[in-house]
Structure formats: structure tokens, C-alpha cells
Amino acid sequence: MPRYNPAEIEPRWQAYWERNKTFATSELPEPSRGGKKRYVLDMFPYPSGDGLHVGHPEGYTATDIVSRFARMRGDSVLHPMGFDAFGLPAEEHAIKTGEHPRIQTERNIENFTRQLKMLGFSYDWDRSLATTDEAYFRWTQAIFLVLYDTWFDHDQQLGRPIAELPIPNEVSMRGEAAVAAYQDSMRLAYQDDALVNWCPELGTVLANEEVVDGLSERGSHPVQRIPLRQWMLRITAYAERLIDGLESLDWAPGIKKLQTDWIGRSSGAEVDFYIGGEDSFAAWKSLRQANPLDDTPPADVLRVYTTRPDTLFGATYMVIAPEHPLVDQLTAESQAADVNAYREKASFKSDRERTEGDRAKTGVFTGSHAINPVNGEPIPIWVADYVLASYGTGAIMAVPAHDQRDFEFATQFGLPIVAVVEPPADLPGRDEVLAGRECFVGSGRVINSGPFNGQESDTVKQTITDQLSNDGLGRAAVNYKLRDWLFSRQRFWGEPFPILHELDAQGNPTGAKRPVPAEQLPVRLPELADFKPHGRPEPPLEKADDAWLYVTIDGVRYKRETNTMPQWAGSCWYYLRYIDPHNETALVDPRKEKAWMPVDLYVGGAEHAVLHLLYSRFWHKVLYDRGFVSTAEPFGKLVNQGMILGEVEFTGFQDQSGNWISARDVLRDVDGNRIDPAGNPVSSVTVDEADVEKSGDAFSLKSDPAVRIDSRAHKMSKSRGNVVNPDVVVRDFGADSLRLYEMFMGPLEATKPWSMTGVGGVRGFLDRVWRMIVDDRADDVVLSPAVVDTPCDEEQSRMMHLTIRRVTEDTDSMSFNTAIARMMEFTNYFTRCETRPREAMEVIVTLLAPYAPHIAEELWQCLCGGDITAHGCVSLRAWPQWDEAALVQSTIELPVQINGKVRGKITVAAETSEASVIASACQDERIAGLIEGKRIVKSIVVPGRLVNLVIK
RNA sequence: GCCGGAGUGGCGGAAUGGCAGACGCGCUGGAUUCAAAAUCCAGUAGCCGCAAGGCUGUGUGGGUUCAAGUCCCACCUCCGGUACCA
């Protein structure tokens, strides 16, 4: 009784593929095969201790189908897999247990590999890598040194070697140390003070994701923000190119927009406001005319950035961030106490806290004034935390009439509001705006603006900027929301920085640095006795012994950098290493890189839409500028798979005494707890599907239809207990069923709920395919007697060719769900046929091969009589071609509409002319009756589709 | 608030402006069976009707068109992201 038994056939075929290296990729694409090169890439996983989640195989199955399909069409396919293996969980495990994170990481990688192989993915496993491999992170460190050795030439918009950096005379005059310092200040990798999350109670620095509402995630201890010397990467230099590069990419428009918004380019003007007093304003102005704007503002001005230079005449006050360097200088004695108190309060708030809550504006007057350069008016300077120190110049001119935030602030503190842009005449509330009682942020005709009155604000933007520029008072400027990338972590389990800090005779750092010589890479992690935090805010590598920590080169003593790189580092370039994973002399052989890059298809979760994809594009562009790679962008086509939710759950609500409350009446209080309209707490109860029925557009209790029940699929989570484990699915249904179900659920990019009965459904399909071909009453796997060597009849042939066509087209467009539906139709049709021609059976097995490869191999062998040496395996078989001629039908059925409603059907020869189609439509008995006595106003024939008669 | 995405049977979903609901789940009936499982066959949007057939129907309201799930305008709901970037 050879029933379809995936538990037996799947491991057997996996072993066959592995033994025969069926999916090994050649070093270079093979043009002899006639196809294209295809680089099909998955976002590699973090190998967590929980193992694979059903969300992983969704994208992996999609890319596997694409890869297998491409191979069968003769393409050279590079389809690798690896592991993003540095990460916090392994380090936390190490702190708890003392086990080296490498041991746990390797165990997890082994488990992930087992699970991935169990699903039959056609990866070239010889190319597998982990970011934690020393042979891999050696090159991560090497790339860091490239960043360190590169400065950004803004004129050429190009990253160039630091040796080519022009040194200004006044710098070179001050000697070598000054030159080195100048170079350091221009590198793409540089050091700066940045705030870290220091938790004194835990004695460790925490990552942002380990801090929740200002408390540590573990133990809920207070977390302080303290400045620490950090490595930064100058990604902002590439902001413009990162925006421009998006245009050429085949990515979903939504993702491109997300990246563009994240980079957040805005253009406007920088304007200097004089803070030296009204008496000397005129003198200052004429002096500035002779000496145009310098990059660093002189001490007698407050420089602001604005996107609305057209509203300069409406600036009625100014605001500087609490951290602005001029706060002390600008604070009058009488205000000092208030300003200091305010500043101190602001310093305790994290960026997050500042923006959370009711967002009521706070601020305090400094006691001093600046002079508006366009009209000479003195205006007050305030300190307020709604202005961020890290954006623009950290100071703004406030135009309350035309900026919502300024308006709120001005209203709160009673500052003057002057409208300078006239809203369109038909705008409701126009008079309120002109009276300064409402805010208008649009463009319009400029008023109250001296010489500019009457012009359109969009033109004024330009002319006023030009004039400021001519007068040396301002200049056009561009700003980005994107900040430089904080690149160091105070962690053990990450790549060490290949940087040495020079020490003087006393053992103190001189400030000079040198890269670890290339031939000494990798810098390995030191052996530590334990992984417990040492209780100081410095990195844990400070615990390393002196042999690791100190290095002497050419008689100079150095201390190693003890920060480590963030998890993002390894994932920034792994796609390059797959091309040449064992190269010991280069990160990738340029010849191979040129042959395989760019990635043709990249599939992964949308949660990486911004950071990972932006960071790796940035690294890639630097490598491109420095000649290591040949393409300006790494990922040609990007697809984000949707999230898979848990099974749909029905939830009802009850009060304290167990009475049902309709879901419609359940509210949430300020803390997010469920309450009834009277404010009493409500508890949620899971309701069985059988006790629920649909009423209207919602579900309600069968026993009491007035009680509404919530019906929803939730995100899978351990705490909710709705996580589906792929091991269990494979055990109960087989890997082919899991693969097929994940693709059949719906479009790849959609969010969709899991359903175990749905898995049973596709398993049923595979069972039917099996029985269509195999004689399930015989003792061995032999062909069903219905499978015959005679060719298809006309209808069977049409079905076969139609299926080839639809499956080919749907697979090509990654519409896997409909491709599977087509194969189901084929199977339903041929199962009903008394005889099933072998040619059709060979076709369906071949079409199924990328989707359900194990059963396809097994059935292929059955069709071939088990002679694998003669017939090979189906995974490497040529994809079938369809014959258009076989699709043509001699007669077709056409629906006949009257006034757009289907009223009948006619059968006509395929080649019938429009006139005779209309004639036979009118002759149809039913149609004739309906049009009798009416006039046909118009008749439309859509060839092959329908006929529509418009009658009166 | 703002920015995305989505609203189609009991459920997941399908549909180049051209027969709405392919395919699958579930459900109902039948065949097979001593019985069950498995399998096979038929049916399955709602309403009216014995039937033939008719009417209504793709979140809501308008519009364009011979024809709208699909295009345009306004709105509602849900999901995801984001948070004062001057």
C-alpha cells in the first residue's frame, strides 16, 4: 500500500541532493547553459535558541521556488544561506551560565541548519557562513578599515582615500599632530562623544531595545544617559546618494518612500541673527556684506535653519535647544536661575520622554534678544525643548503664524503672532489667520514683508535666500533627519574594532590612533574567565588580560579599542561574501563579484525596510567608491514578505461576576486596560468557534446574539501561546505540505493568519497528485493503471498546455498562490479522466518540482521506472514549454449582456466576425424574447469575452 | 496627528475596466463500508420561487462608462510604521 508518505521520501531525497551536490553553484555563472545569471538571496536569520519560526520559511520557500524555477530554465543560480550570529541573547545567556556565547551560537546554527535542510531548500551549503566566523569577520574588520581610510569629497560626491584629502595650510602649519587630527575629523569612521544607556544597578551599558520607558528591561532599574566616547560612521555624507540611488531600484514604492522619509532631506536657508545689540547692528550688517558666511558661525550671531525663508518677516521670537552652546552666553543674569533649572530638567529626559505625553510646550525666556536681519527688529530668544540640538543648527526663528509648533508655543506664552502669508481667499478661517488667531502653513501671497509684499511665497523663498546670500547674512542650506550612525557597542559578543590607541610613557592615551595592519587581521575576541559585567560603563573587553589589551609596534605601545561593532555590521556585506566565501586574500574576488552582482532578488521581512537596507547600501557605496565592487547598488529587486499571524481566535468579554459583555461595549482606560462603559474591569475569555455565529458584519454568541465577540488573528508570540513550530508541521504533514501551504495562504507580501486545516488542505492536494500517478493498491511504488502511453486528446492537451502557461507566468510574477491553484485544477481534471497520458503526468510533476520538490522527485522516478541514471532527477530537468496552438478552441461560449446584465449564452466558432456574433446573439431564443419590441441602440463585442446589447 | 497598506461568501483568498467569488478550508447531501476513517460524487453569497427564473450584492455615499471589486471624488473602519526634524 504505497500511500504518499513524506516522512519516508523527504529525508531520502534530501540525502540524495546533498550526496550529489545537486545544487552546488559553479564559481562563475555558466554562459554555456544559455540562461542568465540569477542571484537569489534571503535575509539571513539570527539563529535564536527557539529555532525556526513559520515566518522564516515563507520567504525562504519563495526564493527557493524562484531558484529552482530559474535553474530548470537554464539560468545559473546563486542561492546561498548563512547566519547573522552575533547578538544580545547569546551574550545574555553567557552572562547567566558562563558558557561562551560561541558555544551556544554554534549549537543554534546547527539546529537552524537541520531545520532548513529538513524543508528541502536548494541552497549551496558549501557557501554557508556565519558573521561570527573569524574567517568572515576578518573582512568585516577590513571593511571597517576602508571606512576609516575614507573621507567624503562633497564636491565630487565621492568617497576617497584619506591620503588624497587636501590639508588646509593653516592646519599643516601646526604640524603632524594637527594634520592627523584634521584627517581624523574627516574620516567616514570617527570618534565622538555620544550618550549611552548606563544602568548603575546592573553595572552595564544597555542597548536601546533593552531600555523600556527609562528603565532596564531586566529588573526595571533606572537607566541614565551618560556621554561616552563612541565610534560613528558618517552615513550622512552619503544621504544624497542614498536618496538618488533608490530611483533605479525595483523595490515597492512604499519601502522607497520609507527610506526617503527616514533620510528626511529638506532644503531652506541658514540665516544669521545678530546678538550683539541694536546699536551696533548697522555696523555688523555692513561688515558682513564684505565677509560672507563662514561654516562655523561667529560668536556674535545666532544661526538658524529654516525651510521657510519666505516667512522671515513673521519671525517674532527665537528658540534655542537646551543643549545649544550659546545658552550661557545668551542668558541674562535675571533669568539664569530659571534657565538653569529648565535646562537641568530637560537633561534628565530622554529624547523619547521629551516627545511623549501631552506634548504641551515648555520653555523659558533667556532675557536676551536677537535682531532680525531683514527688518532690524529685536526679538526675544527663548530656550525650549521642542527644538532639538541635533537637527539643523539647534536654533530656530519662530514664525507662529505659519508653523504649528511655534503657534502652540506662542499661544501658551503670549508671544506676538504676525501673519506674513495670505491664505487663499476661499480658505475657511482665513480672517482668523490674518488676525493671528490661527496658524496657516500653506503658501500664498506674501504680506507685511516690506519689499516682498504681493509676491507669491514660493518665489519669495528663492529671492529672499539670494538676497541674504548677497548680503552675507545667510545662504541656501540642506538638512537631513538622518544622523550619523552610532557604530560601537559596549558588548562582548561582537566584532572587535581593528584600531589601536597610542599610549604615552605613563600609559595614557595620546589621542593618536593606528589601524591594525591588514596582515594581522582578524583581531579575535579575547578569552575571558566569565562574561559578567565589571560594573563600569566601559566595554566588557576592558576585562581582557594585558596580553590581548596591549600591543607594541615599532617600539610604540598601544592599547586595543575595546568597544565592539553592532550586530548590523556583519549583515552589511554578507551578500558579497557568498560569492567567494573561502577567499583568504580578498573580501571577494573582483572577477566573481562582477559576474554575480547585483543581487537579482532579495526577500525578507519588512522590519528591515529602513535600517539594514540603508546601512548595507551605505557600505556598498563606500566599497563602490573605493573600487571593491562594481555596482552602485547591491539589491536590484526587493520583496518584503508579509507577517504570518497565529490562528484566528474568538474572544468574548465578561464582567467580574462572569456576565457577558458585548465587545462593542468594551473600552480601554488610559492604561490600556479593558473596562465596561461604567469603568469596571473586564476580563477576556477565549470562545470556541462552534459557539459563535456571524450576525451582520460581526460575530456574536450563538446562545445570546446580542453579545458581540471579537474575531482576530494575533501576532505569534510565546506569551500568547499561538506559535506554530515548523518541526511539528513537518512531522504531521511533511515539508512539501508546509512549503505549499505557506505559498498558498495568499500573496507573499500580505499579512495572513495561519490555519492548520489549511495545511491539511494542501496535503490533500499532494495526496491526490500521488494517487493520480501511483497505484495505491499495489505493494510497490508503481504507476497507476490509468497512466497510459497514448498522447493527450484535444481537451487534455489544452488543459496541459494551459497549465504550463499559467504556472510559468504565475511563478515568474511570484504569484505562487495562484500557480498552486492552477496545478490543483489540473489535478482535479485529470483525476476524473479514465486515462491519464504519461506526457501530461510528466508535465505536472515537473511544474510541481519547484514547489514540492520531494514528492516531485519521487513521482518522477516512478514515471521513469526508477532509472535515475538514465533520467536524472526532476530538479535539474528542463522546464516545459507550452504550445499556443494547443490552447486555441474551435468554438467558444460567449455571455450575452443586455444593458450590462448577463441574460444568456451563445456558442460560436472562435473566428466569428463581430456582425455574425451580434446576429447569433439576437437569434438566441431568450435574447430574442427580451429585445422584442425594443430598439438596439448600441452593440459591443469584446472579442472572445462577451457581447453587450444596449436596448431602449 | 502624519505616512503606508487593506476592506470581496462562514474562513483564507481569485478576478489585463468585460460572466464577481477561481483554488482551498469549512459545511450539507449522496456513494462506498457491518461500522468508522480514508476516498469518490454533487451542492454551497443572500433573498424570493416547486421550478424556469428574478432581485440584491465586493466597507459607506456620490461620479465616469455600453460595462466598475477594478477608474475619479468624499467619507468610515481595521492593520502596520512614525512621533515636535523648523
Side-chain angles (χ1 to χ4, degrees), chain A residues 3 252-255 257-258 261-262 264-266 268 304-308 311 319 351-352 354-356 359 361 384-388 390-399 402-406 408-409 479-483 606-607 609-610 642-643 645 648 689 692-694 697 699 711-713 715 740-741 744-747 749-762 764-765 767-768 771 776 815 817-825 827-828 831-832 893-905 926 937-942 944-951:
Chain A
R3 294 181 45 180
I255 300 290
K257 187 164 186 306
L258 220 55
D261 290 352
W262 186 266
R265 182 188 203 275
S266 74
V304 301
Y305 170 70
T306 176
T307 55
R308 293 294 302 272
T311 61
V319 183
D351 288 353
R352 189 125 173 232
R354 272 199 201 181
T355 54
E356 261 174 353
R359 281 170 155 213
K361 300 270 182 297
D385 65 6
Y386 81 92
V387 170
L388 307 173
S390 49
Y391 184 80
T393 60
I396 62 155
M397 64 173 203
V399 185
H402 305 292
D403 180 285
Q404 192 60 45
R405 297 150 301 185
D406 296 343
E408 284 166 24
F409 190 83
N479 262 296
Y480 303 92
K481 283 200 242 181
L482 184 70
R483 306 292 148 84
E607 67 273 22
V610 176
M643 205 191 331
L645 306 173
V648 173
E689 194 182 344
V692 164
E693 66 184 350
K694 184 100 174 192
D697 56 355
F699 285 89
S711 146
R712 197 194 297 208
K715 226 186 224 183
L740 220 45
Y741 175 66
F744 189 61
M745 292 169 86
E749 295 176 77
T751 302
K752 20 191 198 275
W754 187 266
S755 151
M756 225 32 120
T757 55
V759 187
V762 292
F765 162 64
D767 281 323
R768 284 200 302 282
R771 285 194 304 269
D776 64 341
S815 307
N817 54 334
T818 51
I820 294 166
R822 310 294 187 208
M823 292 190 271
M824 288 172 167
E825 286 179 88
T827 306
N828 292 342
T831 302
R832 276 190 284 263
E893 194 187 51
L894 287 184
V896 181
Q897 297 184 334
I898 289 180
N899 291 344
K901 298 202 171 197
V902 180
R903 285 292 129 100
K905 305 245 163 121
R926 269 198 66 212
V937 186
K938 192 171 178 181
S939 33
I940 295 113
V941 176
V942 184
R945 301 303 299 235
L946 55 63
V947 184
N948 189 11
L949 304 173
V950 185
I951 62 169

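Quick note on labels: first sequence line is chain A, next is B, and so on, each numbered from 1.
A salt bridge between A:Asp767 and A:Arg771 is absent, with no side-chain N of the basic residue lying under 4.0 Å from a carboxylate O of the acidic one.
Looking at the side chain of A:Phe744, the nearest of the listed nucleotides B:A86, B:G24, B:C19 is B:G24. Picking from B:C66, B:A86, B:A15 the nucleotide with the shortest atom distance to the side chain of A:Lys938 gives B:C66. Among the nucleotides B:A86, B:G13, B:A22, the one closest to any side-chain atom of A:Ala821 is B:A22. Comparing atom distances between the A:Pro895 side chain and each of B:C19, B:C41, B:A86 picks out B:C19 as nearest. For A:Arg903, the listed nucleotide lying nearest its side chain is B:C55; candidates were B:C55, B:C19, B:G24. Residue A:Pro753 places its side chain closer to B:G12 than to any other of B:G12, B:A22, B:A86. Set against B:U39, B:G18, B:C55, the side chain of A:Arg771 has B:U39 as its closest nucleotide. Here the nucleotide nearest the side chain of A:Thr757, chosen from B:C25, B:C11, B:A15, is B:C25.
Using a 4.0 Å cut-off, some side-chain N or O of A:Arg712 falls inside it from OP1 or OP2 of B:C79. Phosphate proximity of B:U16 to A:Arg945: absent, as no side-chain N or O sits under 4.0 Å from OP1 or OP2. Residue A:Arg3 places none of its side-chain N or O atoms closer than 4.0 Å to OP1 or OP2 of B:A37.
The interatomic distance linking A:Trp754 (CH2) with B:C25 (P) rounds to 16 Å, in whole Å. Following rounding to the nearest Å, A:Asn948 (CG) and B:C19 (P) show an atom-to-atom distance of 11 Å. Rounded to whole Å, atom C1' of B:G57 lies 11 Å from atom NZ of A:Lys901. The CG atom of A:Asn817 sits 16 Å away from the C1' atom of B:C11 (whole-angstrom rounding). Residue A:Glu607 contributes atom CD, which lies 12 Å from atom P of B:U82 at whole-angstrom precision. In this structure, CZ of A:Arg768 is placed 6 Å from P of B:C25, rounded to the nearest angstrom. Atom P of nucleotide B:A67 and atom CD of A:Gln897 are separated by 10 Å, given to the nearest angstrom. Between A:Lys715 atom NZ and B:G81 atom C1' there is a gap of 11 Å when expressed in whole angstrom units.
A:Ser266 and A:Tyr480 are not linked by any side-chain donor-acceptor pair at a separation below 3.5 angstrom, with hydrogens and angles left out of the test. The closest side-chain donor-acceptor pair between A:Arg768 and A:Thr831, if any, does not fall under 3.5 angstrom.
The nucleotide B:G1 finds its pairing partner in B:U82, both defining distances of the Watson-Crick or G-U wobble pair being shorter than 3.5 Å. Across every strand in view, B:C75 sits in a pair with B:G59 that passes the Watson-Crick or G-U test at under 3.5 angstrom. Here B:G26 sits opposite B:U44 as a Watson-Crick or G-U wobble pair (both hydrogen-bonding atom distances under 3.5 Å).
Side-chain contact between A:Ile820 and A:Leu740 is present, with at least one heavy-atom pair separated by less than 4.5 Å. A:Ser711 is listed as a side-chain neighbour of A:Val648, based on a closest heavy-atom distance under 4.5 Å. Taking the side chain as every heavy atom from C-beta outward, A:Ile951 and A:Asn899 approach each other to under 4.5 Å.
Taking syn as a glycosidic angle within 90° of 0, B:G7 does not qualify and is anti.
Backbone-only engagement by A:Thr307 is indicated by non-hydrogen atom pairs under 4.0 Å involving sugar-phosphate atoms exclusively. Within 4.0 Å of A:Ser266, counting heavy atoms only, lie sugar-phosphate atoms of the nucleic acid but no base atom.
A distance of about 25 Å separates the P atoms of B:G13 and B:G57, rounded to the whole Å. Nucleotides B:A15 and B:G63, compared at atom C1', are 24 Å apart to the nearest Å. Taking atom P on both nucleotides, B:G12 is separated from B:C79 by 15 Å, rounded to a whole Å. Spacing of C1' atoms, B:C78 relative to B:U65, comes out at 31 Å, to the nearest Å.
With hydrogens and angles ignored, no donor-acceptor pair under 3.5 angstrom links the side chain of A:Lys257 to the base of B:C3.
Of the inter-residue distances, the one linking A:Leu482 atom CG with A:Asp261 atom CG reads 12.5 Å to the nearest 0.5 angstrom.
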